[in-house]
Amino acid sequence: MAILSVTPQLRTTNIENSIDFYVSKLGFELAFRYEDFYAGINVGGQQIHFKLVDEADPSLAFVHQGEHFHLYFTTDDVEKKAQALGQLGIPFHSAITETAWGTKEFAVADDQGHILYFGQPLQGR
């Protein structure tokens with residue numbers, strides 16, 4: 001049996017704002033909507049699902065305090081992505097940094113506070 005994909009699900013207290021952030025700000029594509037409480041976003045041949053909930057995601061504080069992330073996106077041009085998000089006024093959670101494990105990456109928070117990393121493998125590593 002082969003695993004064909006992995007689909008993360010993020011909780012949101014405002015599904016309209018979350019869809020807008022991921023589509024209008026990040027440039028991803030709305031894949032589907034199910035009634036008024038569920039949606040899917042296409043990115044890089046994969047999907048992220050969003051579920052409307054009454055209370056904020058309980059993992060937000062833990063992730064912020066521990067330098068963890070909710071989602072990690074590998075890109076072929078991390079500097080270009082950072083510049084595009086900066087021009088849209090999205091504040092950086094962490095600036096572009098070269099890591100000891102051979103990537104160049106930065107992080108932003110989405111409309112709900114989920115931490116999103118964008119990274120690119122460094123050449124020759």
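When reading the values below, keep in mind they use all heavy atoms of this one structure, side chains included, and skip hydrogens, waters and symmetry mates.
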For this session: Determine whether F92 and F73 fall in the same hydrophobic cluster, where Ile, Leu, Val, Met, Phe, Trp and Tyr are linked whenever their side-chain heavy atoms lie under 4.5 Å apart.
Result: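 In one cluster: yes.
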For this session: Check whether Y38 and L52 end up in the same hydrophobic cluster, where Ile, Leu, Val, Met, Phe, Trp and Tyr are linked by side-chain heavy atoms less than 4.5 Å apart.
Result: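 Yes, Y38 and L52 fall within the same hydrophobic cluster.
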With rounding to the nearest 0.5 Å, note down the distance linking [atom1] in [X] to [atom2] in [Y].
X: L116; Y: F69; atom1: CG; atom2: CZ; answer: 10.5 Å
X: L71; Y: Q46; atom1: CG; atom2: CD; answer: 12.0 Å
X: Y117; Y: T103; atom1: OH; atom2: OG1; answer: 9.5 Å
X: T12; Y: D110; atom1: OG1; atom2: CG; answer: 7.5 Å
X: Q120; Y: T75; atom1: CD; atom2: OG1; answer: 6.5 Å
X: E67; Y: I115; atom1: CD; atom2: CD1; answer: 10.5 Å

Below 4.5 Å, heavy atoms only, C-beta onward: do [X] and [Y] meet side chain to side chain?
X: L122; Y: T99; result: no
X: F21; Y: Q112; result: no
X: F50; Y: R33; result: no

Problem set entry | Salt bridge E55-R11, side-chain N to carboxylate O under 4.0 Å |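 A salt bridge is absent here (no side-chain N lies under 4.0 Å from a carboxylate O).
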Exercise. Angle class for the F106/F118 ring planes (parallel below 30°, perpendicular above 60°, tilted otherwise)?
Worked result: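 Ring orientation, 0 to 90° scale: parallel.
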For this session: Please lay out, stage by stage, how E29 and V43 fare under the test side chain to side chain contact (heavy atoms under 4.5 Å, CB included).
Result: CA-CA 7 Å; E29 176 184 277; V43 55; over 6 Å; no
Would you find a donor on one side and an acceptor on the other, under 3.5 Å apart, between the side chain of [X] and the backbone of [Y]?
X: T97; Y: A95; value: yes
X: H70; Y: A109; value: no
X: D111; Y: S18; value: yes

For this session: Mind running side chain to side chain contact (heavy atoms under 4.5 Å, CB included) on D57 and F62 for me, showing each step along the way?
Result: CA-CA 10 Å; D57 186 331; F62 176 79; over 6 Å; no
Exercise. Which heavy atom of A39 sits nearest a heavy atom of I15, and at what distance?
Worked result: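 A39 and I15 have their closest heavy atoms at N-CD1, 3.8 Å.
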Problem set entry | For the student: nearest non-hydrogen atoms of T7 and Q47, plus distance |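 That closest heavy-atom pairing would be CG2-O, 3.6 Å.
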Exercise. Is the ring centre of H49 less than 6.0 Å from the ring centre of F32?
Worked result: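 Close enough - the centres of the two rings lie under 6.0 Å apart.
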Determine all donor-acceptor pairs shorter than 3.5 Å in which one atom belongs to a side chain in residues 81-91; sequence neighbours excluded.
residue	atom	partner	partner atom	Å
K81	NZ	L26	O	2.8

Exercise. Can you list the steps and then say if N42 with F28 is a side chain to side chain contact (heavy atoms under 4.5 Å, CB included)?
Worked result: CA-CA 6 Å; N42 286 333; F28 301 162; over 6 Å; no
